[in-house]
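Order of appearance sets the numbers: ligands from 1, and atoms from 1 within every ligand. For clarity, every value in this text was computed on a predicted model and none was experimentally measured.
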Amino acid sequence: MPRNNKRFLPFMKRERPFVILKWAETNDGFIDSDRSENELGKPNWITGEKALLRIHQMRAVEDSILVGTNTALNDNPSLTVRHCEGRNPVRIVIDNHLRLPESLNLFDGTVKTLVFNSIKNEETENIEFIKIDFDKRWVQHILKNLYQRNIQSLIVEGGKLLLDSFISAGLWDEAYRFIGNKDFKNGIEAPKISGNPVFSEIIDNDRLFIYKNTN
Ligand SMILES: NC(=O)c1ccc[n+]([C@@H]2O[C@H](COP(=O)([O-])OP(=O)(O)OC[C@H]3O[C@@H](n4cnc5c(N)ncnc54)[C@H](OP(=O)(O)O)[C@@H]3O)[C@@H](O)[C@H]2O)c1
């Protein structure tokens with residue numbers, strides 16, 4: 001099915017974007033190690049350059065990309081497309097209590113960025129704060145808001161709490177699980193997903209498993 005139909009038909013039917021979960025875990029099942037303060041502020045790389053290219057190619061064709069509060073703080077990601085040609089997805093971050101500093105790369109104003117929070121509605125040139133209820137259905141509230149903006153697909157990049165929220169709500173369509181060739185021995189455990197992968201691939205020293213939500 002062409003990419004447009006793969007996204008558009010479920011978008012119209014379910015009134016939410018096509019949701020792709022994505023994370024990288026170590027051989028021993030961690031998405032981050034226990035890092036000290038001075039090791040924070042950049043990603044703790046798990047996979048190699050070819051897998052990174054693959055991730056940027058995914059970003060270049062999807063409409064939006066979402067991270068959790070701790071990920072924004074710990075990794076300071078840009079969430080832009082830099083390793084291949086293509087447009088940047090709309091960046092989205094959860095910041096319930098508005099505790100993220102303006103100095104983060106996400107707030108550099110270069111790409112449209114949505115900040116879901118429980119405190120204010122406010123719009124500057126490229127950064128939009130959107131107030132929502134962080135009740136039991138907050139994942140649904142966010143997806144409904146994205147639907148209303150005609151955002152047809154969403155990559156959920158982590159961390160663990162955010163990915164688990166989408167998994168437990170059953171609100172995902174595909175999951176991309178990269179496994180890197182290293183061990184952390186401790187840290188934040190990778191999310192668990194049931195079922196068997198529908199696709200697997202070796203990418204240099206890394207492996208990729210793709211799952212589909214059949215429920
Ligand atoms: N390897 C990978 O692919 C990958 C990808 C992304 C991130 N990571 C790693 O993951 C780590 C962060 O993961 P994390 O699980 O600690 O944090 P996270 O999912 O990035 O953010 C969680 C934060 O969001 C709010 N929150 C509270 N309850 C929540 C819920 N049920 N669902 C979603 N968010 C909730 C909380 O902030 P408030 O207290 O403000 O409410 C919470 O501290 C980072 O260290 C990063 O390096 C790894």
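Grouping Ile, Leu, Val, Met, Phe, Trp and Tyr residues whose side-chain heavy atoms lie under 4.5 Å apart, directly or via other members, places Ile46 in a hydrophobic cluster with Phe30, Phe184. When hydrophobic side chains of Ile, Leu, Val, Met, Phe, Trp and Tyr are connected at separations under 4.5 Å, Leu52 ends up clustered with Trp45.
A side-chain hydrogen bond (donor to acceptor under 3.5 Å, both in side chains) check over residues 163-173, counting only residues at least two apart or in different chains, returns the pairs Arg14-Asp173, Arg16-Asp173, Lys160-Asp164.
Salt-bridge formation is not detected for the pair Asp63/Arg149: no Lys NZ or Arg NE/NH1/NH2 atom is positioned less than 4.0 Å from an Asp or Glu carboxylate oxygen.
Protein residues having a heavy atom under 4.0 Å from any atom of ligand 1 are Trp23, Ala24, Ile31, Asp32, Arg35, Ile46, Gly68, Thr69, Asn70, Thr71, Asn74, Asp75, Asn96, His97, Arg99, Trp138, Glu157, Gly158, Gly159, Lys160, Leu161, Leu162, Ser165, Ile188, listed by chain and number.
Closest approach of Thr47 and Ala24 over heavy atoms only: CG2-CB, 4.2 Å.
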Report the C-alpha distance between Phe18 and Phe11 in whole Å, list the side-chain angles of each, state the deciding distance to 0.1 Å, and finish with yes or no for ring pair (Phe, Tyr, Trp, His ring centres under 6.0 Å).
CA-CA 6 Å; Phe18 189 88; Phe11 174 75; over 10 Å; no
